[in-house]
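Below, each value reflects all heavy atoms present in this structure, side chains not excepted, and no hydrogens, waters or symmetry copies.
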Amino acid sequence: MKKANVVCPSGIFLIPTFIIFLSFFSFACNKQTAPGFTNIDTTLLFVGNSLTYTNDLPLLVSAIGKSKGANIKVEMLALPNYALMDHLTDGNLQKMLATKKYNIVIVQQGPSSQSEGRTMLLDAATLIKQFCDDHEAKLAFYMVWPAYANYSNFDGVIRNYSEAATITNSILCPVGKVWKEYIDRSNDLSYYGPDLFHPSSKGSQVAAEVIYTTLFK
């Protein structure tokens with residue numbers, strides 16, 4: 001059964017600040033930014049699956065803005081096990097873009113490290129970029145991570161999300177890269193939740209910090 005679309009208002013509470021290591025600020029990423037946007041009054045649309053709605057990532061990003069005196073409004077279109085092409089097939093993403101103004105659309109699907117996932121990611125990326133351009137919204141990719149059991153595929157995740165951002169001239173939020181740098185250095189798996197795939201609350205907070213910093217710093 002499909003989970004109902006989730007629409008999140010702007011953040012209503014402050015999130016405890018986690019210590020983010022210095023490498024967080026030195027991550028390599030696509031150089032696209034969001035010119036002309038500030039974090040003062042911005043509307044973000046998050047599109048993805050359980051890697052987005054677990055721990056309510058959009059609300060965490062909004063809360064970071066609120067803690068800095070900004071008004072970041074967020075909405076979320078996220079369904080379990082959905083790829084981006086599934087959202088396009090449903091048509092809800094297109095309807096949302098056509099009926100409401102979003103400054104930035106932030107998208108993710110599964111790890112997409114293998115050839116089939118890469119093809120799905122790149123095909124959907126091209127289509128979504130066109131829809132975003134048509135409605136004057138910036139497109140950003142939320143780079144995710146593999147399940148720990150598939151950790152050897154991490155470089156493929158990083159490569160394919162980076163390629164999707166590059167070929168569409170979009171913003172890359174390199175969450176997965178930050179995760180990998182931290183785990184490789186520390187051998188600490190605390191960014192993963194109990195199933196060693198979905199994020200823990202700490203992992204989602206790090207994701208929110210990376211996304212916020214990429215978009216607004």
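Aromatic rings from His87 and Tyr82 are positioned such that their centres are separated by under 6.0 Å. Taking the centre of each ring, Trp145 and Tyr151 stay at or above the 6.0 Å mark. Aromatic ring centres of Tyr182 and Tyr191 lie closer together than 6.0 Å.
Shown are Leu57, Val107, Thr214; of these, the side-chain contact (heavy atoms from CB on, under 4.5 Å) with Tyr142 is made only by Leu57. Partner of Ser112 under the side-chain hydrogen bond (donor to acceptor under 3.5 Å, both in side chains) criterion, out of Gln108, Gln114, Gln109: Gln109 alone. Results of the side-chain hydrogen bond (donor to acceptor under 3.5 Å, both in side chains) test with Tyr102 over Lys138, His135, Glu75 single out Glu75 as the only residue that passes. Applying side-chain hydrogen bond (donor to acceptor under 3.5 Å, both in side chains) to Gln130 and the options Thr126, Asp134, Asp133 leaves one that passes, Asp134.
Looking at heavy atoms from C-beta onward, Asp188 lies out of side-chain contact with Ile183 at the 4.5 angstrom threshold. Residues Tyr212 and Lys217 form a side-chain contact, since some pair of their non-hydrogen atoms from C-beta on lies under 4.5 Å apart. Within the 4.5 Å cutoff, side-chain heavy atoms of Leu139 are placed close to those of Ile128. Side-chain contact check for Asn81 versus Ser50: every heavy-atom pair is 4.5 Å or farther apart. Put simply, the side chain of Leu215 reaches to within 4.5 Å of the side chain of Ile104, judged on heavy atoms. Side-chain contact between Asn55 and Pro199 is present, with heavy atoms from C-beta onward closer than 4.5 Å. At a threshold of 4.5 Å between non-hydrogen side-chain atoms, the residues Leu122 and Thr168 do not count as touching. Considering only heavy atoms from C-beta on, Leu88 comes within 4.5 Å of Gln94 through its side chain.
Remark: Glu181 engages Lys177 in a salt bridge, criterion side-chain N to carboxylate O under 4.0 Å.
Note on Ile106 and Met120: separate hydrophobic clusters, where clusters join Ile, Leu, Val, Met, Phe, Trp and Tyr whose side-chain heavy atoms are under 4.5 Å apart, directly or indirectly. In this structure, Leu189 is a member of the same hydrophobic cluster as Val144, with clusters built from ILVMFWY side-chain heavy atoms closer than 4.5 Å. Cluster annotation: Val206 and Tyr148 are assigned to the same hydrophobic cluster (Ile/Leu/Val/Met/Phe/Trp/Tyr, side-chain heavy-atom contacts under 4.5 Å, transitive). Cluster membership check: Trp179 shares its hydrophobic cluster with Leu196, using side-chain heavy-atom separations under 4.5 Å among Ile, Leu, Val, Met, Phe, Trp and Tyr.
Under the salt bridge (charged side-chain N to carboxylate O under 4.0 Å, His left out) criterion, the residue pairs touching residues 111-124 are Arg118-Glu163, with sequence neighbours excluded.
Minimum heavy-atom separation, Tyr161 to Pro111: CE1-O, 3.5 Å. In terms of heavy atoms, Val175 sits closest to Met143 at CB-O, 3.2 Å. Nearest heavy-atom pair across Leu172 and Ser162 is CD2-OG, 3.6 Å. The two residues Val210 and Cys173 come nearest to each other via the heavy atoms CG1-C, 4.3 Å. Between Ser113 and Asn160, the closest heavy-atom pair is O-ND2, 3.4 Å. In terms of heavy-atom proximity, Phe131 sits nearest to Leu97 at CB-CD1, 3.8 Å.
The CG atom of Asn169 lies 6.0 Å from the NZ atom of Lys129; values are rounded to the nearest 0.5 Å. In this structure, CZ on Phe46 lies 7.5 Å from OG1 on Thr52, to the nearest 0.5 angstrom. Taken from CG in Leu45 to NZ in Lys73, the straight-line distance is 13.5 Å, to the nearest 0.5 Å.
Put simply, the side chain of Asn150 never gets that close to the backbone of Pro146: no donor and acceptor are under 3.5 Å apart. With hydrogens and angles ignored, the 3.5 Å screen pairs a side-chain donor or acceptor of Ser200 with a backbone N or O of Ser190. In this structure, Ser204 contributes its side chain and Ser201 its backbone to no donor-acceptor pair below 3.5 Å. Side-chain atoms of Asn49 do not come within 3.5 Å of backbone N or O of Ala78 as any donor-acceptor pair. A donor-acceptor pair is defined here as one N or O able to donate and one able to accept, closer than 3.5 Å; such a pair exists between the side chain of Lys101 and the backbone of Glu136. The backbone N or O of Thr42 sits nowhere less than 3.5 Å from a side-chain atom of Asn103 that would complete a donor-acceptor pair. Between the side chain of Ser62 and the backbone N or O of Pro58 there is no donor-acceptor pair closer than 3.5 Å. Here the side chain of Asp195 pairs a donor or acceptor atom with the backbone of His198 at under 3.5 angstrom.
Every salt bridge (charged side-chain N to carboxylate O under 4.0 Å, His left out) that Asp155 has, sequence neighbours left out, goes to Lys180.
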| query | Would Leu77 and Met96 satisfy side-chain contact (heavy atoms from CB on, under 4.5 Å), going step by step from the backbone distance to the final call? | reply | CA-CA 9 Å; Leu77 177 62; Met96 294 177 77; 4.0 Å; yes
